[in-house]
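Working notes, beginning with the structure itself.
Note that ligands are numbered from 1 as they come in the structure, with each ligand's atoms numbered from 1 the same way. Residue numbers start at 1 and run along the sequence shown.
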Amino acid sequence: MITVILGLQFGDEGKGKVTDYLSEKYSTVVRFNGGNNAGHTVVTDKGLHKFYLIPAGALRSRNVILGNGMVIDPFGLLDEIDKLKHVHADVQIKISRLAHVVTPLHKFLDKAEEEIRSKLRIGTTAQGIGPTYEDKYARTGVRMVDLLDREILTDKVETIFRMKKALLEGSEFNSDDARFRMVEKLLKAGKEISKYLDYTEDFIFDSYEKGENILFEGAQGTMLDIDFGLYPFVTSSNTLAGALSNGSGFPFRKVDRVIGVVKAYTSKVGAGPFPTEISGEDADRLRGYGNEYGTTTGRPRRVGWLDLNLLSYAIRINDVDTLAITKIDTLGQMDRVYVGERYSLDGEEIKYIPRSLDDLEKVKVSYREFKPWGDLSDIGKDGKRIEYSDLPREVKEYIEYIENRMKRPVEIISLGADRNKTIRKPL
Ligand code: GDP
Ligand code: IMO
Ligand code: MG
């Protein structure tokens with residue numbers, strides 16, 4: 001079985017939890033986009049584990065792959081590998097030689113570019129993601145394999161410095177000596193990482209030919225996609241299902257199923273339009289119940305109701321087969337629960353997503369109200385497997401409403417951060 005898991009909203013839908021839950025049956029888990037702008041939290045009976053670059057299936061799968069579509073901070077990577085080896089000593093980590101390297105120059109540039117954007121500031125994670133993809137497409141990027149070659153690495157760092165001099169002049173890298181020291185540090189990291197570098201596209205294909213199960217874990221979410229997200233408030237890579245081919249080398253026609261992860265409400269970090277956003281006391285409560293603070297940056301996440309217009313778009317563009325709904329426990333604690341059902345613009349109903357920022361800000365959303373279902377923390381307390389039939393009627397109504405409206409079955413329902421707070425709904 002070849003499966004891809006994707007976020008259908010603005011990221012942080014709970015992809016990490018769903019990946020970990022499913023990874024038991026998959027020998028290989030692959031990341032194919034983004035870098036450590038992602039933060040994926042997994043909670044098991046052994047505690048909490050945060051993933052940034054390594055796929056969240058790494059607690060249980062034998063092989064974890066960091067594909068060529070990723071941008072990798074080598075120092076963050078080494079830290080993460082170290083932490084992972086404490087909890088899963090036998091895991092095999094393979095990193096594409098073709099993945100691009102986030103250097104300290106790129107991290108500086110990320111912040112410098114944000115300052116210049118001023119009103120159009122994205123609110124990036126400041127991890128150097130955008131500038132690293134810029135260099136990839138400018139064909140000046142540093143690839144993982146370059147970390148093994150002093151001459152090439154030095155040439156590339158100098159080229160990037162010359163091209164981006166106006167921005168880098170104010171940085172600590174504005175001297176030959178400082179850049180030399182940076183290159184030395186990168187080479188040292190490269191030496192440590194070299195044992196993990198591999199021809200990952202071949203490994204993935206060989207695993208496929210042996211009939212093994214492979215799970216692809218998308219980072220970010222559909223509305224952060226560089227093309228189809230709410231540009232320019234997006235990340236710098238494609239986050240859609242189709243990106244797995246470019247980002248891993250695996251042919252898209254061989255993918256069996258697409259699982260879309262959707263939070264029972266919506267959250268967003270960073271700037272940009274958010275049609276179903278709520279503010280005030282309701283927002284504070286939802287943020288509090290859901291502990292909506294960024295895994296990577298600690299920033300408070302913006303929150304709002306589920307948005308069916310965005311969701312149906314995400315389902316179509318990713319060709320989603322089944323849905324995984326997370327944080328049902330969080331939403332039910334609100335006094336009132338709403339779902340954004342329809343958009344209208346200038347008094348007329350629209351089924352598309354307006355692409356001008358002005359129109360997006362003007363969209364009016366009509367809502368449907370649902371009865372809240374209260375605290376679900378007692379369900380599954382006895383350690384027994386939770387069944388769909390254990391759920392209160394109000395939750396089932398909410399789930400079945402989404403199934404009917406989206407014309408897709410909900411396969412997984414998550415009632416808590418913990419691995420065992422998960423229901424597999426019979427299809
Ligand atoms: P990802 O980026 O999509 O992997 O999501 P994050 O890990 O960044 O954010 C989701 C957060 O919600 C994490 O802290 C998870 O531990 C937590 N979480 C996931 N599913 C559930 C759930 O069903 N209920 C609750 N209360 N928390 C959840
Ligand atoms: P996971 O995988 C939520 C957002 C940032 C910012 C925009 C651009 O955990 O779901 P970037 O640093 O990528 O240039 O920032 O994208 N963003 C995320 N928001 N979850 C993520 O990843 C995100 N990755 C990027 O907040 O608005
Ligand atoms: Mg996250």
Side-chain angles (χ1 to χ4, degrees), residues 5-21 31 33-44 48-53 55-57 70-71 102 106-107 109-111 113-114 117 121-134 217-226 229-237 239 260-272 274 286 288-299 301-302 324-333 375-377 380 386 412-423:
I5 291 177
L6 301 160
L8 299 182
Q9 295 154 308
F10 294 96
D12 299 331
E13 297 90 347
K15 299 174 292 294
K17 169 170 175 172
V18 175
T19 302
D20 166 75
Y21 177 77
R31 272 269 311 259
N33 67 326
N36 55 6
N37 48 348
H40 303 160
T41 309
V42 173
V43 182
T44 70
L48 182 149
H49 199 96
K50 291 187 178 190
F51 293 95
Y52 300 96
L53 290 163
M70 291 186 68
V71 289
V102 180
H106 296 104
K107 292 203 171 192
L109 287 166
D110 197 347
K111 294 191 192 112
E113 290 179 2
E114 277 283 82
R117 279 185 194 114
R121 184 185 288 246
I122 299 162
T124 72
T125 58
Q127 298 301 316
I129 306 300
T132 306
Y133 280 115
E134 286 166 32
E217 183 195 20
Q220 286 81 50
T222 300
M223 288 302 141
L224 294 173
D225 182 83
I226 182 83
L230 302 186
Y231 192 91
F233 303 101
V234 294
T235 191
S236 293
S237 66
T239 60
V261 185
V262 52
K263 203 177 266 195
Y265 49 97
T266 309
S267 69
K268 175 171 173 56
V269 227
F274 183 169
L286 189 51
Y289 294 145
N291 191 25
E292 293 294 352
Y293 296 88
T295 308
T296 302
T297 58
R299 291 181 288 178
R301 295 177 184 148
R302 299 160 65 191
I325 299 195
T326 62
K327 295 215 156 180
I328 282 286
D329 55 316
T330 304
L331 184 63
Q333 294 178 65
D375 184 13
L376 299 180
S377 54
I386 315 172
I412 292 169
I413 301 163
S414 173
L415 302 181
D418 212 275
R419 190 188 274 167
N420 60 26
K421 291 262 186 176
T422 318
I423 298 175

(message) Check for me whether G7 has a heavy atom closer than 4.0 Å to any atom of ligand 2.
(response) no
(message) Can you tell me which portion of F10 lies within the under-4.0 Å heavy-atom range of ligand 2? Options are side chain, backbone, both, or neither.
(response) backbone
(request) Considering the heavy atoms of V234, write down every atom of ligand 2 situated less than 4.0 Å from one of them. (result) 7 (C), 8 (C)
(request) Of the side chain and backbone of D110, name the one, both, or neither that has a heavy atom under 4.0 Å from an atom of ligand 2. (result) neither
(request) Could you list the atoms of ligand 1 found under 4.0 angstrom from a heavy atom of R301? (result) 8 (O), 9 (O)
(message) Does any part of the side chain of T44, heavy atoms only, come nearer than 4.5 Å to the side chain of H49, both counted from C-beta?
(response) no
(request) Could you establish whether G39 and ligand 2 come within less than 4.0 Å of each other, counting only heavy atoms on the residue side? (result) yes
(message) I need the contact type for D12 against ligand 1. Using non-hydrogen atoms and a strict under-4.0 Å cut-off, is it side chain, backbone, both or neither?
(response) both
(request) Would you please name every residue forming a salt bridge (charged side-chain N to carboxylate O under 4.0 Å, His left out) with E292, sequence neighbours left out? (result) K263, R301, K327
(request) Could you give me the CA-CA distance, side-chain angles and deciding distance for S267 and D12, then say whether side chain to side chain donor-acceptor pair (under 3.5 Å) is met? (result) CA-CA 7 Å; S267 69; D12 299 331; 5.1 Å; no
(request) Say whether E13, considering both its backbone and side-chain N or O atoms, lies within less than 3.5 Å of an N or O atom on ligand 2. (result) no
(request) Any atoms of ligand 1 less than 4.0 Å from a non-hydrogen atom of S414? List them with their elements. (result) 20 (N), 21 (C), 22 (C), 23 (O)
(request) Could you tell me whether G16 and ligand 1 have an N or O pair separated by under 3.5 Å? (result) yes
(message) Can you give me the closest heavy-atom contact between D110 and P131, atom names plus distance?
(response) N-CG, 3.5 Å
(message) Under 4.0 Å, heavy-atom basis, I'd like to know which part of R31 is in contact with ligand 2: side chain, backbone, both or neither.
(response) neither
(request) Before signing off on this row, confirm whether K17 and ligand 1 have an N or O atom pair separated by under 3.5 Å. (result) no
(request) Could you pull out, from K327, K263, E13, Q333, the option with a heavy atom nearest to atom 18 (N) of ligand 1? (result) K327
(message) Within ligand 1, which atoms have a heavy atom of G39 less than 4.0 Å away?
(response) 1 (P), 2 (O), 4 (O), 6 (P), 7 (O), 8 (O)
(request) Indicate yes or no: does an N/O atom of Q220 lie under 3.5 Å from an N/O atom of ligand 2? (result) yes
(message) Against ligand 2, does R301 come closer than 4.0 Å with any heavy atom?
(response) no
(request) Check Q127 against ligand 2 and report side chain, backbone, both or neither, counting heavy atoms closer than 4.0 Å. (result) neither
(message) Closer than 4.0 Å to some heavy atom of K15 - which atoms of ligand 2 meet that?
(response) 1 (P), 2 (O), 10 (O)
(message) side-chain contact (heavy atoms from CB on, under 4.5 Å) for L48 and T41? Distances and angles first, verdict last.
(response) CA-CA 7 Å; L48 182 149; T41 309; 3.9 Å; yes
(request) Pick whichever of I129, N37, T41 has a heavy atom sitting closest to atom 21 (C) of ligand 2. (result) N37
(request) Any chance you could measure D329, atom CG, to I413, atom CD1, to the nearest 0.5 Å? (result) 12.0 Å
(request) Look up atom OG1 in T222 and atom CG in L230, then write down how far apart they are to the nearest 0.5 Å. (result) 10.5 Å
(message) For A56, is there any backbone N or O sitting under 3.5 Å from a side-chain donor or acceptor partner on R31?
(response) no
(request) Give a yes/no answer: is there an N/O/S atom of G39 under 2.8 Å from the Mg ion (ligand 3)? (result) yes
(message) On a heavy-atom basis, I'd like to know which of V71, T125, T239 is closest to atom 12 (O) of ligand 2.
(response) T125
(request) Would you sort out whether T326 and K17 count as a side chain to side chain donor-acceptor pair (under 3.5 Å), showing the intermediate values? (result) CA-CA 9 Å; T326 62; K17 169 170 175 172; over 6 Å; no
(message) Judged on heavy-atom distance to atom 6 (C) of ligand 2, which of G123, A38, G218 sits nearest?
(response) G123
(request) Pull out every atom of ligand 1 sitting under 4.0 Å from any heavy atom of H40, numbered as shown with elements. (result) 1 (P), 2 (O), 4 (O), 7 (O)
(request) Flag the pair V18 / E217 as yes when at least one side-chain heavy-atom distance between them is below 4.5 Å, and no otherwise. (result) no
(request) Given side-chain contact (heavy atoms from CB on, under 4.5 Å), test Q127 with K107 step by step and report yes or no. (result) CA-CA 5 Å; Q127 298 301 316; K107 292 203 171 192; 3.3 Å; yes
(message) Can you check which of I226, T132, L224, D12 brings a heavy atom nearest to atom 18 (C) of ligand 2?
(response) L224
(message) Can you confirm, on distance only, whether ligand 1 has an N/O atom lying under 3.5 Å from any N/O atom belonging to G416?
(response) yes
(message) Below 3.5 Å, N or O to N or O, backbone or side chain included: is there any such pair between V269 and ligand 2?
(response) yes
(request) Determine whether the side chain, the backbone, both or neither of V42 has a heavy atom under 4.0 Å from any heavy atom of ligand 1. (result) neither
(message) If the cut-off is 4.0 Å to any non-hydrogen atom of G270, which atoms of ligand 2 fall inside it?
(response) 27 (O)
(message) Looking only at distances, can you tell me whether any N or O atom of I328, backbone or side chain, sits closer than 3.5 Å to an N or O atom of ligand 1?
(response) no
(request) Give yes or no for whether the N/O distance cutoff of 3.5 Å, strictly under, is met between T41 and ligand 1. (result) yes
(message) Looking at I386, is its backbone amide N or carbonyl O close enough to the side chain of K421 to form a donor-acceptor pair, meaning the two atoms are under 3.5 Å apart?
(response) no
(request) Within a distance under 4.0 Å of any heavy atom of A219, pick out the atoms of ligand 2 and give their elements. (result) 2 (O)
(message) Among the N, O or S atoms of D12, which one sits nearest to the Mg ion (ligand 3)?
(response) OD1
(request) Can you measure from CD1 (I129) to CG (L109) and round to the nearest 0.5 angstrom? (result) 13.0 Å
(message) Is a donor from one side chain sitting under 3.5 angstrom from an acceptor on the other, for T235 and N37?
(response) yes
(message) If the condition is salt bridge (charged side-chain N to carboxylate O under 4.0 Å, His left out), which residues does E13 pass it with, not counting sequence neighbours?
(response) K15
(message) So, taking the atom named OH in Y265 and the one named CD in Q9, what distance separates them when rounded to the nearest 0.5 Å?
(response) 10.0 Å
(request) Let me see the working for D225 and Q220 under side-chain contact (heavy atoms from CB on, under 4.5 Å), right down to the final yes or no. (result) CA-CA 8 Å; D225 182 83; Q220 286 81 50; over 6 Å; no
(request) Answer with side chain, backbone, both or neither: which part of K268 has a heavy atom less than 4.0 angstrom from an atom of ligand 2? (result) neither
(request) List the steps, then state whether side-chain contact (heavy atoms from CB on, under 4.5 Å) holds for M70 with L53. (result) CA-CA 9 Å; M70 291 186 68; L53 290 163; 4.0 Å; yes
(request) Show which atoms of ligand 1 fall inside a sub-4.0 Å distance from at least one heavy-atom site of T330. (result) 26 (N)
(request) May I ask you to say whether E114 pairs ionically with R117, meaning some side-chain N is under 4.0 Å from a carboxylate O? (result) yes
